[in-house]
Amino acid sequence: MKLLLDTHLLLWAASEPEHLPVAARTMIEDPTHQLVFSAASLWEIVIKNALGRSDFRADPALLRRGLLDNGYIELAVTGRHAVAVAGLFPLHKDPFDRMLIAQATADGLLLLTVDPVVARYPGPIQFF
């Protein structure tokens with residue numbers, strides 16, 4: 001199964017695994033799963049880090065390199081994904097989370113999240 005990690009889970013998996021919910025860690029560490037990260041998450045880290053958000057303190061270039069070196073698959077944001085965002089109900093205002101939901105739905109990925117608002121969307125989403 002291909003697992004798309006939301007940005008918080010991605011940051012925790014990369015640098016603070018003790019913050020991961022046990023069930024999420026179990027899924028992430030399962031070698032039968034393919035781990036995927038979105039370019040939208042890197043973009044979110046760049047923007048929110050620049051805004052001074054302490055929960056997004058990471059060097060996106062180092063993070064990307066580390067993820068790739070550890071077998072994660074990088075998912076580009078495409079026009080198909082952008083169009084899929086239009087089909088989402090306006091439950092969540094964060095454009096990065098909306099993109100991750102659209103990508104998971106469009107590409108048949110299971111989105112892992114710790115965001116209860118993201119979890120309210122129908123589709124392939126696992127909330128922890």
Ignoring hydrogens and geometry, is there a side-chain-to-backbone donor-acceptor pair from Q103 to A76 under 3.5 Å?
-> yes

From CZ (R80) to CG (D107), nearest 0.5 Å = 4.5 Å

For side-chain contact (heavy atoms from CB on, under 4.5 Å), just list the numbers for K93 and V117, CA-CA rounded to whole Å, side-chain angles, deciding distance to a tenth of an Å, and then say yes or no.
-> CA-CA 10 Å; K93 302 298 182 201; V117 178; over 6 Å; no

Pair D59 + R65: basic N to acidic O under 4.0 Å | no

Rounded to the nearest 0.5 Å, how far does CD1 of I101 lie from OG1 of T113?
-> 7.5 Å

Of L110, V36, I125, which is the lone residue that meets side-chain contact (heavy atoms from CB on, under 4.5 Å) with L4?
-> V36

Are any side-chain N or O atoms of N49 and backbone N or O atoms of I45, one a donor and one an acceptor, separated by less than 3.5 Å?
-> no

Counting distance only, does the side-chain N/O of R98 pair as donor-acceptor with the main-chain N or O of F89 below 3.5 Å?
-> yes

Nearest-0.5 Å distance, CG of residue L5 to OG of residue S41 = 8.5 Å

Sidechain-backbone polar pair: D6 side chain, V114 backbone, donor-acceptor under 3.5 Å | yes

L75 and H81, any side-chain heavy atoms less than 4.5 Å apart = yes

Cluster question for you: counting only ILVMFWY and a side-chain heavy-atom cut-off of under 4.5 Å, with indirect links fine, are W12 and L42 together?
-> yes

Side chains of I28 and L112: does their closest heavy-atom pair fall under 4.5 Å?
-> yes

Would you say D94 and E44 make side-chain contact, with heavy atoms under 4.5 Å?
-> yes

Indicate yes or no: at least one non-hydrogen side-chain atom of F56 is less than 4.5 angstrom from one of L51.
-> no

Minimal non-hydrogen separation, F127 against A119, with atom names = CB-CB, 3.5 Å

Taking Y121 for the side chain and L91 for the main chain, is one N or O donor matched with an acceptor at less than 3.5 Å?
-> yes

Decide if atom NZ of K2 counts as having more than 12 heavy atoms of other residues, nucleotides or ligands within a radius under 6.0 Å.
-> no

Flag side-chain contact, heavy atom, 4.5 Å: M99 against V77 = yes

Is there a donor-acceptor contact under 3.5 Å linking the side chains of D55 and H8?
-> yes

Nearest 0.5 Å, what's the CG-CZ distance between L9 and F37?
-> 15.0 Å

State, yes or no, whether a side-chain contact exists between L63 and L11 at a heavy-atom distance under 4.5 Å.
-> yes

Is there a donor-acceptor pair under 3.5 Å between the side chain of T26 and the backbone N or O of V22?
-> yes

Can you check whether R64 reaches E74 side chain to side chain, under 4.5 Å on heavy atoms?
-> yes

Can you list the steps and then say if D30 with T32 is a side chain to side chain donor-acceptor pair (under 3.5 Å)?
-> CA-CA 5 Å; D30 183 335; T32 64; 2.6 Å; yes

Passes side-chain contact (heavy atoms from CB on, under 4.5 Å), F128 versus L20? Steps please.
-> CA-CA 9 Å; F128 300 101; L20 288 169; over 6 Å; no

Find the distance between CG (L100) and CG (L10) and round it off to the nearest 0.5 Å.
-> 9.5 Å

Step by step, would you call L35 with I73 a side-chain contact (heavy atoms from CB on, under 4.5 Å)?
-> CA-CA 6 Å; L35 303 176; I73 299 166; over 6 Å; no

Separation of L111 CG from T105 OG1 (nearest 0.5 Å) | 8.0 Å

Taking side chain as C-beta onward, heavy atoms only, is Q34 less than 4.5 Å from L3?
-> no

Give the cluster check for V85 versus W43: same hydrophobic cluster or not, with ILVMFWY residues linked at side-chain heavy-atom distances below 4.5 Å.
-> no

